[in-house]
Q: 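First the structure, then my questions, so here it is.
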Amino acid sequence: MTVTRFAPSPTGYLHVGNLRTALFNYLIARKAGGTFILRLDDTDPERSKPEFADAIQRDLEWLGLTWDRLERQSDRLERYAAATDELRERGRFYEAFETPTELDLKRKKQLNMGKPPVYDRAALDLSAAERDALRETRPGHWRFLLEHARIAWTDGILGEISIDAASVSDPVLIRGDGQVLYTLASVVDDTDMGVTHVVRGSDHVTNTATQIQIMAALGHDHPEFAHHSLLTGPAGEALSKRLGTLALKDLREQGVEPMALLSLMARLGASQPVELQDSLDGLADGFDMSHFGAAPTKFDADDLMPLTARFLSMQPYDAVGGALREAGVPDASAAAFWDAVRDNVTTRADIAVWWDICQNGAEPAIDPDDQTFVAEAMTLLPALPLAETTWAEWTQAVKSATGRKGKALFQPLRKALTGRANGPEMAKLMPHLRVIKAKG
Ligand code: GLU
């Protein structure tokens with residue numbers, strides 16, 4: 001059975017970059033009828049915050065990326081302790097004492113000598129007495145002893161990968177203050193929970209190499225791995241600095257439609273074009289990891305609003321019923337009003353804007369050259385309420401009276417009634433007008 005997981009650390013809000021990871025893992029599980037786990041990587045008690053854990057769940061629920069199981073690493077510390085015992089017994093775990101400053105110095109020296117900055121394993125040469133003496137002065141941290149061989153796997157996106165373990169530092173699995181680090185916790189969880197597919201960003205490729213060895217040291221096979229490329233801005237610039245402004249909660253507040261965002265994300269960086277889907281099932285059906293490439297993927301937040309508008313215009317009125325009611329549109333008018341405005345809303349919030357124009361009247365926009373024309377036209381407008389046929393009849397009458405036609409006829413009348421040069425088909429809007437401010 002296919003089991004995937006999305007494993008954010010609750011140390012901040014989810015952004016579009018995280019969403020890619022969440023969505024891919026969700027779609028793989030859904031497509032296979034498997035299990036999707038939301039795992040909160042919260043072993044860092046200082047940086048992990050309950051409000052971020054809540055916000056992550058709220059964001060995923062907004063998108064409909066619902067999980068079958070919720071796990072928290074902070075509930076599983078005993079499992080991690082058992083795994084460290086095993087690694088210790090197998091001679092794959094050792095205590096080291098270098099301070100961050102000492103490590104930094106070592107790295108600088110190596111770089112100066114043109115060597116890769118890999119931990120030199122000096123701690124392995126310490127005698128028991130030296131270790132005891134060091135432990136008096138500072139807490140020790142624990143590293144996994146990598147086997148110096150090539151680590152290879154077939155990546156679902158990157159293809160054949162092979163990394164020389166000797167080019168990687170022995171990973172620290174437990175910090176000096178006793179905190180279990182992600183590398184170990186993730187390995188234990190992925191094996192305990194039967195995770196079959198791990199999709200994550202390409203910044204995790206080296207982690208994957210070390211995790212494959214840790215899994216093997218604990219007697220386990222590793223899941224399938226796939227590393228998606230990282231997102232960049234529209235001009236290829238690093239997105240990391242802007243991710244704060246691309247938080248999912250902000251996009252939600254701006255009125256971005258979940259399916260617009262998800263449809264874009266499911267295809268960005270893939271060889272297939274973006275296809276606006278109505279449901280996550282539709283996205284899952286068309287999802288194929290092999291269509292994604294290794295190159296950095298450009299993301300342009302400006303694409304979201306046109307897609308949102310397009311998604312909304314395709315919706316039947318009952319799909320936007322909540323927004324229609326919130327705007328104050330009576331149920332009896334809802335279907336007709338939605339039909340009038342559906343092609344002229346960018347977000348659901350625009351429904352209220354058009355309803356307000358209809359109910360409370362718009363400040364007329366009248367060009368100086370059109371003052372007399374509009375005033376004459378208004379004397380020909382029948383009394384409210386108007387009907388769908390009113391527009392054709394009225395403009396015909398105005399045409400006969402003034403001799404104007406085409407744009408010169410229609411445009412000033414639209415601007416007089418709605419205050420705007422663009423908007424819904426006037427015939428469909430007329431029955432909903434309750435106040436008209438332009439005077440005859
Ligand atoms: N908590 C890790 C992160 O957010 C999870 C990475 C993984 O998927 O293993 O980067």
Side-chain angles (χ1 to χ4, degrees), residues 2-29 34-50 52-53 55-57 59-60 65 67 69-77 79-80 83 144 151 153 155-158 161 163 168 171-173 175 179-215 218 220 222-231 238-240 243-244 246-248 265 289 292:
T2 300
V3 181
T4 65
R5 85 308 193 270
F6 172 51
S9 303
T11 54
Y13 294 106
L14 293 184
H15 48 69
V16 286
N18 307 121
L19 171 58
R20 209 158 130 83
T21 314
L23 179 62
F24 286 11
N25 284 292
Y26 174 91
L27 293 178
I28 291 171
T35 299
F36 175 62
I37 300 173
L38 170 60
R39 188 183 87 199
L40 297 170
D41 284 3
D42 59 352
T43 54
D44 183 336
E46 258 148 48
R47 294 180 58 230
S48 301
K49 299 264 182 287
F52 291 132
I56 287 169
Q57 294 174 62
D59 288 343
L60 293 177
L65 300 178
W67 50 94
R69 238 167 100 181
L70 177 71
E71 297 283 352
R72 290 172 198 272
Q73 292 195 324
S74 55
D75 291 340
R76 296 176 42 78
L77 300 180
R79 283 295 304 135
Y80 310 143
F144 175 73
I151 307 168
W153 73 93
D155 194 280
I157 292 174
L158 304 176
I161 301 277
I163 290 181
V168 181
V172 176
L173 300 189
R175 281 201 333 201
Q179 189 186 311
V180 176
L181 291 181
Y182 149 80
T183 306
L184 175 67
S186 187
V187 160
V188 174
D189 292 346
D190 287 341
T191 49
D192 278 4
M193 295 172 195
V195 170
T196 56
H197 295 73
V198 171
V199 183
R200 53 192 174 194
S202 52
D203 50 337
H204 281 289
V205 166
T206 309
N207 280 339
T208 297
T210 62
Q211 290 183 346
I212 286 175
Q213 275 209 8
I214 301 171
M215 285 178 182
L218 291 168
H220 299 289
H222 62 80
E224 304 268 338
F225 288 104
H227 296 85
H228 59 72
S229 62
L230 301 183
L231 295 182
L239 204 57
S240 48
L243 285 177
L246 293 169
L248 300 187
M265 280 298 161
M289 192 74 90
F292 288 84

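Excluded from the calculations below are hydrogen atoms, water molecules and symmetry mates; all remaining heavy atoms, backbone and side chain alike, are included. Since this is a predicted model, take the numbers as computed values, not measurements. Order of appearance sets the numbers: ligands from 1, and atoms from 1 within every ligand.
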Q: What protein heavy atom sits nearest atom 8 (O) of ligand 1, and how far off is it?
A: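 Going by distance alone, atom 8 (O) of ligand 1 is nearest to Arg5 NH1, 2.7 Å.
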Q: For residues His228 and Phe24, establish whether the separation of their ring centroids is below 6.0 Å.
A: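 Ring centres of Phe24 and His228 closer than 6.0 Å.
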Q: Does the side chain of Leu239 reach to within under 4.5 Å of the side chain of His15, using non-hydrogen atoms?
A: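 Leu239 does not reach His15 side chain to side chain.
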Q: Measure the distance from atom 6 (C) of ligand 1 to every protein heavy atom, then report the residue, atom name and distance (to 0.1 Å) of the closest one.
A: Tyr182 OH, 3.3 Å
Q: Arg200 heavy atoms, cut-off 4.0 Å: which ligand 1 atoms fall inside?
A: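 Close to Arg200: 7 (C), 8 (O), 9 (O).
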Q: Distance under 4.0 Å to a non-hydrogen atom of Ser186: what atoms of ligand 1 satisfy this?
A: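 Taking each heavy atom of Ser186 in turn, ligand 1 has 9 (O) under 4.0 Å.
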Q: Do Asp41 side-chain atoms and Ser186 backbone N/O form a donor-acceptor pair below 3.5 Å?
A: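 Between the backbone of Ser186 and the side chain of Asp41 there is no qualifying donor-acceptor contact (under 3.5 Å).
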Q: Once the angle between the rings of Phe52 and Tyr13 is folded into 0 to 90°, is it parallel (under 30°), tilted (30 to 60°) or perpendicular (over 60°)?
A: perpendicular
Q: How far is atom 4 (O) of ligand 1 from the closest protein heavy atom, and which atom is that?
A: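 Here the nearest protein heavy atom works out to Ala7 O, 3.5 Å.
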Q: Assess whether a salt bridge exists between Asp192 and Arg76, defined as any Lys/Arg side-chain N lying under 4.0 Å from an Asp/Glu carboxylate O.
A: yes
Q: State the atoms of ligand 1, each with its element, that fall below the 4.0 Å cut-off from a heavy-atom position in Asp41.
A: 1 (N), 2 (C), 5 (C)
Q: A side-chain contact here means heavy atoms from C-beta on lying under 4.5 Å apart; do Asp189 and Tyr80 qualify?
A: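 Yes. Closest side-chain heavy atoms under 4.5 Å.
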Q: Would you mind running through ligand 1 and noting each atom that sits below 4.0 Å from a heavy atom of His204?
A: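 Here the atoms of ligand 1 in question are 3 (C), 6 (C), 10 (O).
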